[in-house]
Amino acid sequence: MWHENLKLGEPRFLRNLFIVPVIGSDGNGTDIVTLREAQANNWVRISEASSPTVPTIHIAYDGPNPLYLIDGEELVGGYQNRILNTAALIAEHSEVDVPVSCVEQSRWSGELTFAAGNTTSYPSLRAMLLEDVTRSLRATRRFDTNQSRIWDSVAHTLESLKVRSRTQSLHDAFTNLRDLLEEYCKEFESHPHYVGMIVKMGNKCFADIFASPTLFDKYLPQLLESYALESIAFAAPTSADIDTLREFFNTIWEDGWETYPGVGIAHEARKLNDKVAARMTLHGEGNPIHLFAAAR
Amino acid sequence: MILTQLGKYKINAWLGGGQFGDVYLAWDTILEREFAIKVARMREQDIVMLKDEAKLLASLNHPNIVRFFNIDIIEGKLVLVMEYIKGKSLRDMLTKGKLPCDKAIHYMVQMLDAIHYAHTRGVIHRDLKPENILITSDDTVKITDFGLGKFVREGSLSASIAGTPIYMAPEAWRGKFYQQSDIYSAGVIFYEMLTGKPAFLGDSLDDIREKIFNSYPPKVTIFNPKVPAHIDKVIRKAIDKDPEARFNTADEFKSAILSPGRKTGVAVEVVKSPTEVFEEEITLTPQQEEIINSDAPQILVLGGPGTGKTVTLIYRVAKLLREGEDPGSFLIVGFTRRAVDDMRTRLEHIIGKELRNLVIDTVHTLAYRILKHDGKRLGFKEDFSIINAWHVLRSIAKGEELSRLEAMLERIELYKANLISPERAKQLARSEWDHECAEIYDKYQRALKDKQMMDLSDLIYYSVQVLREPDIGTHYRDIYKWVFADELQDLTPAQYELIKLLAGGNIFFTGDENQSIYSWRGGMHRFRQRVERDFPQVKVYLLTNNFRIPKKILNAAQTLVSKIEGETHPSISLRETEGKIELQSYENESEEAWQVGAQIEELVKKHGFKFSDIAIIYRINAISSVFENTLSSFNIPYMLVEGETFYARREIKRCIKFLERLTTGSYQGMVDFIMWVLMLPKTYKKCFGIKNKQIMLKGELPNTLDKEKLTSYLERFNTILREPSQFGVSEILEIVLIDSGFVPKLKVAQEISDINRAYNLEELINAARSFGSGEIREFLNHIALLEELQVAQWGKDTVKLLTAHQAKGLEFKVVFLVSLTDDIFPLMRATLDPDELDEERRLFYVALTRATEHVYLSYPRLRYTRKMKPSRFLFELAGL
C-alpha cells in the first residue's frame, strides 16, 4: 500500500500551522502537468459549458502529458469564478466537462473563458467539497455540492479577513492578502524528499500527499497559500500535538475505502466516516497521484 | 519555520503572531517554567539595534504591560522571552462584536495607564492594535510588543487583520511616530470596542489610506446609543489627523473618558413627527386662505402629496377656535397616531395653549371611547378586552393550516371593514371557500362576544352599530358640530361610516384618491363619490400648489398617475429647486445594493446630507436584507422600519400575557415568565414552584444563583401576584422589568435585537406611566390602540429602510427606490388585475413623492441568473 512507503518527518511550526512533513520517494506522476504549466504553454482552454450553467465548465486540453487539476483549484473568469468539486486528470489531447462550484456569488456575466487562478480553496472549503461530493456520489453517482454552504463559507471567510469584495469573490481574498501570503509561504523550508504534509491549525487537521516530491513541489506554493489564508482568517492557538497528527495519519489508511470513477481519466477512492474524510485520486492500475484528507 | 525544540525551550503551542514575529508557548527546560517566546523576523542590523533597546524594554515594569525578561539568539534566530499571559487577545473578543460600554472603558483606562507609563520612559509602542492587547481572565489588560514596532521592516506597514494597517495614524503611514501616534491608535481601538466595527475599512490599501487621511468614521453613538455622548468628542479628538490636535498625553485621554460628560438618561426619544412646521414659517396660499375662510359648512379638500391639505385643515380649526367655537364641539380624526399627535402639536402651537377638550384621535381610539360608554347597548360591558384576533382565531379553527388561517383572518377583516355581518356573509357566499370563511366568521364573533372581547376591527364595526341607534347617534351628533377627517382615502367604508354618523352638521374632509393604497384591507379608493352622495351640499376644493415636491419629481409622479382611469388633479411645484430623478440599472441585486451604498456614502461625505435625510424604499420586506448587509459593510448606520406592530412584538406580548394573567388570576406560565425576566436557563426551572398562588424556591439551588438576592426579589414579585390591584400598572412593570435587572441587562447587551427589546419594554413602561392610575384591564385596552410605539429610535441619524406602505406620510430629502422590476413593483399578481395594478401604481406614486430633493430609481437586470424586466411604471413615468 502507498502509505507503507511514507514516513513522517520532524514537526515544525510555520507561524500557526503545525506541520509534519511527509517523506516519500519518487513515484507516479512525475510527468503530470499542472494547470499553471498548461496555461503557460497554451495547451489548455477552459470555458463555460455550451449552455453556460453554474455547476459545469468545459476543458479542452492539448498537452503532451496528463493534466492534473487539484480539488478546490480556482478558475478565474467565465461568468463567475469557480472551484473544482474534485480533482480531475485529463488525458493529453482530450476534452472533458468538469463539475465545479461557484465562489463568486454576485456575478453572472463576462467572458466565456477562464484562466488559472493559481490559487486553491482553503482546506476547510476543500473538506466541505470532499464530504458533499462523497455523499452525492453514494446517492446519485454525481459530483454535486451544496452551493449555498459554499457561498456561506466564502462570505464568512471574507468577513473574517475584512476583505470587501463587490462580487463576494474568494479570489479577492487572495489578491488582497497577496503580500502577507507570500511572506508566510517563503518561510517554508522544503526538502527534496517531501511528498506532502499533514497540517494542524487550531484543532483542525488536514493532509495533502502526492505521489512524488516533484508533484508536491509543483502544488506546494498554491497549497501553502491556501492553508495560510485559512490560518490568517481563523487564527487560533495551535498546540504542538504530534500524537494527534500521527493518529490522524494512521486513520487515513484504515479500511473503508469506496471506489468511484473520477473526472477525466482518473478514478477515486473515497472514505467518509466519523473520524476522517479522504479522497485518493488514482490513475491506471490504481496508481495514486494525490490524497487529500481532513479530520472530522 | 521553527522546530519544536529551540535551544532549551520546548515549543508547545503557537499563541499569536504578526509582522515582527510569532509568539509561542514554550517550556524552559532548565528553569522549568512557562514563558511566551517571540521568535522575531528581523534583519541582522535590527538585531543589533534591538539589543540596545532591550535594556529599556526590560525596564518597563507595569501591571498592564507584558514583562520582557530576556533576549537571546538561538540557532540564528532572535528570541525574546516574555511573561506568558493566559487569556485572550482583544482581537478574539472583537470577533464576537462590540463590548459593553463599561467594559470597553475599563480596558481603555488600563491601556492608557500603560501607554502613559511607557511614554514617560521614552518608549513609544508604534504598533498598537487589538492583536497586541491581551485580556486575562480577571479582565486585566496586558499590552505586548512595546517598542518593537520600530523594528518592523522599513517600508512595510504594521499589519493588523488581513494585513491592513487600519490602526496606524496618518503620520505613521509616512514613517513618523510620536507619542500621539499611540494615542491615535488607542482611539481607533476604543472606537472598535464600542461599535464592533473597525473605524476605517476599504476595498483596497489605497481606499483605506484615503479614509484614514481624509475622513472620520460615523459617531459611536449611532451604533451604540448607550455610550455617553461625550465619548464621541473624546474619540474624535484622539483620532484627529493632526497629531498636535490630539490629547497631549495618554493620561489626558484617560481623564477625558472618565469625566462625567453629559448624561443621556434613557435613550428613547418621544415620537415626534418628521415634519415640524409652525405658523411663523408658513405662508398660506390664496387657495388655502379661500378654503380656511370659506362659509361652506361642508367641505372636501382634494390635493396631491405636499399640497398642504393637513395644514389647511389645521388652520381651519384654528380659525374657528379663535372665532369662539367651543373646542368640545370639534372632532378631528387622523389615520395614524403619529398624524394625530402631529396635528395636536401644531394646533396647540398656533393657538398658544393646550387644548384638552379638543378631541383629536385615531378612528380606533374614538370607537373605543364610544363603545366604553355605549357598548352595553349591544351587550358589552364597559371593561371589555381588546384582543389579538390571531390567537382567538387559532383557538377556534384548531387544526387549520396557518396560511389558510391568515387568509380567513384577512377575509373576516374585510367583512367588518365593509360592515358585513356574519349572517350577511353567509348569504353572499358563493364558493366553498366563501362558505368556510362565513362559518368561521360567525363562530369567531360569537366566541369574542361570549368572552366580552373585541378585536380592532370590531371597535369600528360595533361602534357603527351603536351609532345607528337613533338616540345614541343623535346624542353624538349634537355634541360634534364640527367634524374633521384627514386622508379619507385611507379609511375603510366602516371607518368612513363611523365618521359620517358622528357628523352633526359641518364637515371638513381631506384626501387624495391617487394615494389610496389600502384597498387590500378595505380602504376606500373612490371616496369623493361617496362624500358627494352623503353630503350633497359639499363644496369641493382643489389644492394645486405643491410645497414639498420639486418639479421634476412631481412631473414624473403625475405622469404616472395620469395612467389611472378617473380624475386626477395635477399640482404645480412651488419649490425653487428642480429636484433630481435618476434611473440606473445594475448587473444584479448585489451590485445594485453596492452602488446605493456607495452613493449614500458620497452624499453624506461630499454633499452635506445626513444619514437621516435618506431612505431606501422597496415594495416588499424581503428586499431589505441585501441592502442591510451592504450598508453594514459600508459602515453606514441604518434603521430597518419593521412591519410588526408594537402589540405584536414578542417581548411586549409576553408582558401583556403576564398582565392578563394578573387580571384573571391564572398562574399558568408564571414560572416561565419569571425565569424569562431573570434571564435564567431552562435547566433552572426545577428550582421554582407555585404554592398558594406564590412562586417558591425549591430544592437545591445551583451555586451560580444568589439565593438571598433571588429570595428578596421573589418576595416583591409575589406581592404583585397576591394583590395586583394594590399596584399601578407602571409600578408592576417597573418591579418586573427593571428591578429584576432584565431591562438594564438588555440595554448593555451585544446584540442590537436585545437593545431594541430594552427600548420596547421601556416604551411599555412609559405608556403605563402616561396612562396613570387605572386598572390593568383598562391599560391593556389602551395600549392595544397605541400601534406606533415602536419608532423610539426614529430620530437617530440613520438611513431608513422601509416598504412603500410604511413610507406613507413621511418625507426624506433623498429617496432610493430600489428593486424596480416588473414582478416586484408591481407585484406579479397585480399585473393580472387592472384594479390591483392601479393600486400598485398609486403605491409607486406615494413612494416617489416621499422625496423632497432627489430620487434614485434602480433595478437589477438579473436576479441571480434570471433575467428581469424593468418595472412598467418606469416607462410610464417617462410618459412612454
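Note on naming: letters A, B, ... go to the chains in the order of the sequence lines (proteins, then strands), and numbering restarts at 1 for each one. Just so it is clear, the model here is predicted, and its values are computed rather than measured.
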Is chain B contacted by the side chain of A:L229, its backbone, both, or neither, given a heavy-atom distance below 4.5 Å? neither
Can you confirm whether B:E210 is buried at CD, in the sense that more than 12 heavy atoms of other residues, nucleotides or ligands lie under 6.0 Å from that atom? yes
Got more than 12 heavy atoms from elsewhere within 6.0 Å of CD, A:E182? yes
Kindly indicate whether the side chain of A:F13, heavy atoms from C-beta on, has any atom under 4.5 Å from the side chain of B:I11. yes
Which residues pass the side chain to side chain contact (heavy atoms under 4.5 Å, CB included) test with B:L3, sequence neighbours left out? A:E10, A:R12
Inspect the surroundings of CD in A:E159 and state if more than 12 heavy atoms from other residues, nucleotides or ligands are less than 6.0 Å away. no
Identify the heavy atoms of B:L862 and A:W108 that sit nearest to each other, and give their distance. CD1-O, 3.7 Å
If you draw a 6.0 Å radius around NZ in B:K88, do more than 12 non-hydrogen atoms from other residues or ligands fall strictly inside? no
With a 4.5 angstrom heavy-atom cut-off, which part of B:E592 approaches chain A: side chain, backbone, both or neither? neither
Smallest separation among heavy atoms of A:F18 and B:T4, with atom names: CE1-CG2, 3.5 Å
Pick one of side chain, backbone, both or neither for A:Y79, based on which atoms fall under 4.5 Å of a heavy atom in chain B. neither
Rounded to the nearest 0.5 angstrom, the CH2-NZ distance for B:W14 and A:K200 is 12.5 Å
I'd like to know if the side chain of A:S109 pairs up with that of B:E587 as donor and acceptor (distance under 3.5 Å, no hydrogens or angles considered). yes
Quick check: are there more than 12 heavy atoms from other residues, nucleotides or ligands sitting under 6.0 Å from CZ of A:R142? no
Are A:R166 and B:E591 close enough for a salt bridge, meaning some N to O gap below 4.0 Å? yes
Nearest heavy-atom neighbours spanning B:N588 and A:S106: ND2-O, 2.7 Å
Are there more than 12 heavy atoms of other residues, nucleotides or ligands under 6.0 Å from atom CG of A:N203? no
Heavy-atom count check: over 12 atoms from other residues, nucleotides or ligands less than 6.0 Å from B:K8 NZ? yes
Nearest 0.5 angstrom please: A:T238 OG1 to B:N12 CG, how far? 13.0 Å
Tell me, for B:T95 versus chain A, whether the close heavy atoms (under 4.5 Å) come from the side chain, the backbone, both or neither. neither
